[in-house]
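Atoms within a ligand are numbered from 1 in the order they appear, just like the ligands themselves. All heavy atoms count here, side chains included; hydrogens, waters and symmetry mates do not. The first residue of the sequence shown is numbered 1, and numbering continues consecutively from there.
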Amino acid sequence: MTDPRFDRLAALKRARTPIVMVTAYDVVSARAAEDAGVDVVLVGDSGANVVLGYESTREVSVDELLVLARAARRGVKTPLLVCDLPFGSYEESNDLAVATSRRFRDAVGCDAVKIEGGGVIAERARAVVEAGIPVMGHVGLLPQHLEPGTPARARGRGVDEALEIARSARELQAAGCFAMVFEAVPAAVATAITQTLTVPTIGIGAGGDTDGQVLVFHDLLGLSRGRTARFVKKYAELYGPMVDGVQAFAADVRARRYPAPEHTYPVDPAQLEAFLAQLGGAR
Ligand code: KIV
């Protein structure tokens with residue numbers, strides 16, 4: 001990997017400096033992430049839920065995520081840009097995983113792709129890495145593996161699940177993944193596994209001792225309606241002010257307060273008079 005930003009992530013882990021990752025799905029969220037100085041921007045398949053309104057991340061297609069990713073690309077200059085590979089676009093074979101990863105790299109210009117799971121998925125990761133495309137892994141809660149309608153729950157609370165997460169993480173590291181997400185894993189389990197890995201771990205609901213943290217843009221800014229997961233900290237509550245803004249606009253329009261003179265373009269009276277005269281004739 002020649003891009004120094006990948007080495008920088010490894011250096012941050014060694015220095016025990018937390019890595020910051022945030023999701024983005026369009027040019028607005030991408031520019032906000034860029035201007036905030038985060039290290040990594042993820043075009044997550046969570047866009048299925050927070051942008052496209054699907055119930056499950058399983059419903060987003062490659063073509064749909066490509067549109068979101070290309071929009072995000074236009075706003076991200078400095079951080080690494082990682083794109084999720086959607087459900088069904090990489091699991092079946094190494095060839096499929098490589099072909100889909102190439103589509104994302106070529107159509108978006110992303111720096112890396114992310115895939116969910118260990119076991120055979122680590123083999124897919126290896127094939128993609130060998131094809132020259134960096135891969136981020138994802139262990140713990142795997143939203144793409146949830147049947148639609150099944151509630152999300154933490155993973156790794158029992159010995160067997162915790163060991164399986166550790167095994168997946170080791171497989172993904174051995175496959176050449178440059179980093180991996182730990183989602184909804186007890187802090188003590190994520191910490192213990194992180195200490196056994198040389199590549200950075202980026203937690204979401206995995207406690208404070210993973211090598212970095214990620215949150216979904218819409219969650220951390222309070223841009224969505226409804227409940228959020230236990231691990232979400234809201235740094236702003238923007239949904240209410242958005243509704244207020246649209247309501248104020250609607251009220252102004254209905255009361256003819258908007259547009260006011262300062263929002264309209266003036267025209268030279270002589271030009272207007274000539275125009276009106278000709279307009280009448282044109283009818
Ligand atoms: O899709 C997503 O937003 C993710 C994060 C939760 C890491 O995978």
Check this for me - ligand 1, Asp84, N or O atoms closer than 3.5 angstrom, yes or no?
yes
One residue to check: [X]. Relative to ligand 1, which of side chain, backbone, both or neither has a non-hydrogen atom less than 4.0 Å away?
{"X": "Val216", "value": "side chain"}
{"X": "Asp45", "value": "both"}
{"X": "Thr57", "value": "neither"}

Ligand 1 atoms in contact with [X] (distance to a heavy atom under 4.0 Å):
{"X": "Glu183", "result": "6 (C)"}
{"X": "His138", "result": "8 (O)"}
{"X": "Leu42", "result": "2 (C), 4 (C), 5 (C), 7 (C), 8 (O)"}
{"X": "Thr23", "result": "3 (O)"}

Got the closest protein heavy atom to atom 6 (C) of ligand 1, with its distance?
Ile204 CD1, 3.6 Å
Which residue and non-hydrogen atom of the protein lie closest to atom 8 (O) of ligand 1, and at what distance in Å?
Lys114 NZ, 2.9 Å
Have a look at Gly44, Ser46, Ala24 and point out the one with the heavy atom closest to atom 3 (O) of ligand 1.
Ser46
Quick check: does any side chain N or O of [X] sit under 3.5 Å from a backbone N or O of [Y], one acting as donor and the other as acceptor?
{"X": "Glu91", "Y": "Gly88", "value": "yes"}
{"X": "Asp111", "Y": "Val82", "value": "no"}
{"X": "Thr23", "Y": "Gly44", "value": "no"}
{"X": "Ser224", "Y": "Val50", "value": "no"}
{"X": "Arg155", "Y": "Ala162", "value": "no"}

side-chain contact (heavy atoms from CB on, under 4.5 Å) with Asp219: which residues, sequence neighbours excluded?
Val216, Thr228, Val232
May I ask you to check whether Tyr90 and Glu116 show a side-chain donor-acceptor distance below 3.5 Å?
no
Would a 4.5 Å heavy-atom cut-off, applied to side chains only, mark Arg103 and Val62 as touching?
yes
